[in-house]
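Each ligand, and each atom within it, is numbered from 1 in the order the structure gives. Each residue takes its place number in the sequence, starting with 1.
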Amino acid sequence: MSLRHIITLNDPKLRLVSTPIERIDDLLTRLIDDMIETMHGAPGIGLAAIQVAEPIRLLVVDVAGKEDPPAPLVFVNPEILWQSDDRNVYEEGCLSIPEYYADVERPASVRVRALDRDGKEREVLAKGLLATVLQHEIDHLDGLLFIDHISKLKRDRVIKKFQKAAKRAGEGSHVL
Ligand code: GNR
Ligand code: NI
């Protein structure tokens, strides 16, 4: 198992629409295990494959508390079958947008169908934090970020901040 590099806001790959997974082979289960390790190491409570630069419809989540043993869940080709009309607001963050947090309103509950690590079809009725994280991750599979759910003013501000930081990091590293 190994840690994978997590791409950040300036990387245009984050806007790709990820493609469905056709088979769960050795290469994929290795990616799944690396993603779980990368998520736990970050630390984070979710990770979509595109965040480690793999544009495929795969995500992992783990919303176990700090005192509990790890409880990673794997979702291959997830689909939202149903979402509640009632909504919830959570302060969200994203490993691809480090140190930025904002309130996001989403459906409070969702029913999601996916394949697990063994290729078995599963359905979960998620509420609370799990419902929020699953929607955040499924957004990633469609090239969406949580900042797409906040005001344009706030979104443009955080995008600009990251562009400036990338520019600064690039200066001085040019070969003369
Ligand atoms: O670690 C994460 N925490 C989090 C908190 C509130 C709502 C969503 C998340 S997901 C995030 C990890 C991540 O970026 N997943 O894509
Ligand atoms: Ni994220």
Any idea which protein heavy atom is nearest [atom], and the distance to it?
atom                    : result
atom 12 (C) of ligand 1 : Gly46 O, 3.2 Å
atom 14 (O) of ligand 1 : Leu95 N, 2.8 Å
atom 1 (O) of ligand 1  : Ile45 N, 3.0 Å
atom 7 (C) of ligand 1  : Glu92 CG, 3.5 Å
atom 8 (C) of ligand 1  : His136 ND1, 3.5 Å

Test Ile159 against Gln163 for side-chain contact (heavy atoms from CB on, under 4.5 Å), laying out the working first. CA-CA 6 Å; Ile159 289 171; Gln163 282 171 345; 3.8 Å; yes
Between Asn88 and Arg106, does a side-chain contact (heavy atoms from CB on, under 4.5 Å) hold up when you go through it step by step? CA-CA 6 Å; Asn88 234 340; Arg106 301 182 186 269; over 6 Å; no
Should you measure from each heavy atom of [X], which atoms of ligand 1 turn up under 4.0 Å away?
X      : value
Cys94  : 14 (O)
His140 : 16 (O)
Glu91  : 6 (C)
Glu137 : 10 (S), 13 (C), 15 (N), 16 (O)
Gly44  : 1 (O)

Is a salt bridge present between Asp148 and Arg15, judged by a nitrogen-to-oxygen distance below 4.0 Å?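 Salt bridge flag = yes for Arg15 with Asp148.
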Determine, step by step, whether Asp116 and Lys120 satisfy the salt bridge (Lys or Arg N to Asp or Glu O under 4.0 Å) criterion, reporting the C-alpha distance in whole Å, the side-chain angles of both residues, the deciding distance to 0.1 Å, and the verdict. CA-CA 5 Å; Asp116 68 12; Lys120 185 177 157 51; over 6 Å; no
Identify which one of Val52, Val60, Asp34 satisfies the side chain to side chain contact (heavy atoms under 4.5 Å, CB included) criterion when paired with Met39. Val60
Can you tell me if Gln135 uses its side chain to pair, donor with acceptor, with the backbone of Ala131 under 3.5 Å?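 The answer is yes, because a donor-acceptor pair under 3.5 Å joins these two groups.
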Keeping the roles fixed (side chain from Ser96, backbone from Ile7), state whether a donor-acceptor pair exists under 3.5 Å.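 Here the side-chain-to-backbone pair exists.
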Between Arg57 and Asp142, does a salt bridge (Lys or Arg N to Asp or Glu O under 4.0 Å) hold up when you go through it step by step? CA-CA 9 Å; Arg57 301 190 79 81; Asp142 293 319; 2.9 Å; yes
When clusters are formed by joining ILVMFWY residues with side-chain heavy atoms under 4.5 Å apart, either directly or through shared neighbours, do Leu129 and Leu59 land in the same one?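 Result: yes, single cluster for both.
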Angle at the Ni ion (ligand 2) between NE2 of His140 and NE2 of His136, to 10°? 100°
Can you confirm whether Val104 sits close enough to Val89 that some side-chain heavy atom of one is under 4.5 Å from a side-chain heavy atom of the other? no
Give yes or no for whether the N/O distance cutoff of 3.5 Å, strictly under, is met between [X] and ligand 1.
X      : answer
Thr132 : no
Ala48  : no
Gly93  : no

Is Met39 close enough to touch ligand 1? Criterion: a residue heavy atom under 4.0 Å from a ligand atom.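 It does not; every heavy atom stays at 4.0 Å or beyond.
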